[in-house]
Q: 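Quick one: structure below, then a few questions.
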Protein chains: 2
Amino acid sequence: MENKVQDIRARFVDEWGALGSAWGINRSMASLHARLLVSSEPMSMDDLMEELSLSRGNTSTNLRDLVSWGLVRQVVVRGERKQFFVAEKDPWKVFVTILRERLHREIDPAVDTLGRIAQASEGLPGKEGQELHRVVKGLHGFLLPLRAMAHRVVGAESKILSAISRVL
Amino acid sequence: MENKVQDIRARFVDEWGALGSAWGINRSMASLHARLLVSSEPMSMDDLMEELSLSRGNTSTNLRDLVSWGLVRQVVVRGERKQFFVAEKDPWKVFVTILRERLHREIDPAVDTLGRIAQASEGLPGKEGQELHRVVKGLHGFLLPLRAMAHRVVGAESKILSAISRVL
DNA sequence: CCATACTTTCAATATATTCTGAAAGAACGG
DNA sequence: CCGTTCTTTCAGAATATATTGAAAGTATGG
């Protein structure tokens, strides 16, 4: 029971890694993000790779991705030549950032393609052709407003949540 | 351009597979689901494995999973000894079913653990201990109502969407 | 019951994803 | 400039995930 902070922090890092996988974020990236989230100071690549036992290459790549997602930013530490990193800590911003990324990369193109298929299947012959069109059109018609809602959430303030909560 | 229905249907099956991956559903399972979604008739395991070029074992396992999720159900076809399968076609039900499954399997346990970590980190010493507690508590406090909202959506009627849409 | 039709299971295999580490590249201080 | 420190890249290795296929298991009609 020597260093309790380190133990509990490690538990958090692991748990965040598990949550991350559910969001399409790999373990290294999620661990790095988690560790930075609960740090009271900026950390360098060496700090992180040592504490999390990751290779230099892996650490470098995933930090870069975190920065490009906007979940982490680089900061300058006076008198240090290395880069230091700090995580965005506002849960709403973290949530919105991840949501935006996934909409952009995965959902948007799929929904668009679905729309094209709905069009292409217009007026196909036979029971089979008609069912194809009917279902694809239905799915597209369902997903389109859902996506629009998600985009509005991404652009909104965090208080939108309590507004939604009220109608539920 | 021989059989247009088959071509377009194949496009849809592939696209649904891609969307499925974004939701933690593997390609075989997503393909089977997609093919059944746009079928005007119940299909047997043999129908499916042949059309989608999947092995028997794979088809069997993934159909069973789809049934256990509640996305597909078995039906009896008169005069046939084989099992036949039919997909739930209402987009709202499909959406809610997948959401429920993921909440249950991935989100709920992670959020619970986060809550326990928030508790365990109460009153830790030092700047580091305090930051750990502060951030974990903040994340948990953010995710908890979000999860509650998701659970309410899962239990609601599809018209809840237009109600939410109104406040966005 | 038996023969046959059908389904499930699971060890082996194939595929996809992630991670490592060393070499190449960049930036900095003097 | 030059030596040093720091960062990135990327081919190969390791790991994780998905798929196959054949054997074992189960149900059905006769």
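Protein chains get the first letters and strands the later ones, always in sequence-line order, with residue 1 at the start of each. For clarity, every value in this text was computed on a predicted model and none was experimentally measured.
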Q: Send over the distance from D46(B) CG to dT7(C) P, rounded to a whole Å.
A: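 Going from D46(B) (CG) to dT7(C) (P), I get 7 Å.
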Q: Please list all pairs meeting side chain to side chain donor-acceptor pair (under 3.5 Å) that have one or both residues in residues 72-97 of chain B, counting only residues at least two apart or in different chains.
A: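 Applying side chain to side chain donor-acceptor pair (under 3.5 Å) to every pair that reaches into residues 72-97 of chain B, excluding sequence neighbours, yields E131(A)-K89(B).
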Q: Tell me, please, which residues at least two apart from A156(A) pass side-chain contact (heavy atoms from CB on, under 4.5 Å).
A: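 Residues passing side-chain contact (heavy atoms from CB on, under 4.5 Å) with A156(A): I160(A).
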Q: Treating primed atoms plus P, OP1 and OP2 as sugar-phosphate and everything else as base, which nucleotides of nucleotides 17-30 of chain C get B, S or - for protein heavy atoms under 4.0 Å?
A: -SSBB-----BB--
Q: If a pair satisfies side chain to side chain donor-acceptor pair (under 3.5 Å) and one of its residues is in residues 149-166 of chain B, list it, with sequence neighbours excluded.
A: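 Listed by first then second residue: D108(B)-H151(B).
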Q: Write out all pairs satisfying side chain to side chain donor-acceptor pair (under 3.5 Å) with one or both partners inside residues 46-60 of chain A, taking only residues at least two apart or from two chains.
A: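 The answer is S28(A)-N58(A), R35(A)-E51(A), S44(A)-D47(A), D46(A)-R56(A).
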Q: Before accepting this row, confirm whether a basic side-chain N of the pair E41(B)/K127(A) lies closer than 4.0 Å to the acidic partner's carboxylate O.
A: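 A salt bridge links E41(B) with K127(A).
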Q: Running the 4.5 Å side-chain criterion over Ile, Leu, Val, Met, Phe, Trp and Tyr, what cluster does V75(B) land in, apart from itself?
A: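 Members other than V75(B) - counting any ILVMFWY side chain reachable under 4.5 Å - are V77(B), F84(B), V86(B).
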Q: Respond yes when some side-chain nitrogen or oxygen of S60(B) is under 4.0 Å from OP1 or OP2 of dT8(C), and no when none is.
A: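 Affirmative; the distance criterion is met.
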Q: Mind checking side-chain contact (heavy atoms from CB on, under 4.5 Å) for S121(B) and listing every partner two or more places apart, or none if nothing turns up?
A: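 With sequence neighbours excluded, S121(B) shows a side-chain contact (heavy atoms from CB on, under 4.5 Å) to I8(A), L124(B), L132(B), H133(B), given in chain and number order.
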Q: I'd like the 5' and 3' limits of the part of DNA chain D contacted by chain A, with heavy-atom contacts below 4.0 Å.
A: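 Listing 5' to 3', DNA chain D meets chain A from dT4(D) to dT9(D).
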Q: Would you please name every residue forming a side-chain contact (heavy atoms from CB on, under 4.5 Å) with L146(B), sequence neighbours left out?
A: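 F95(A), L161(A), F142(B), L143(B).
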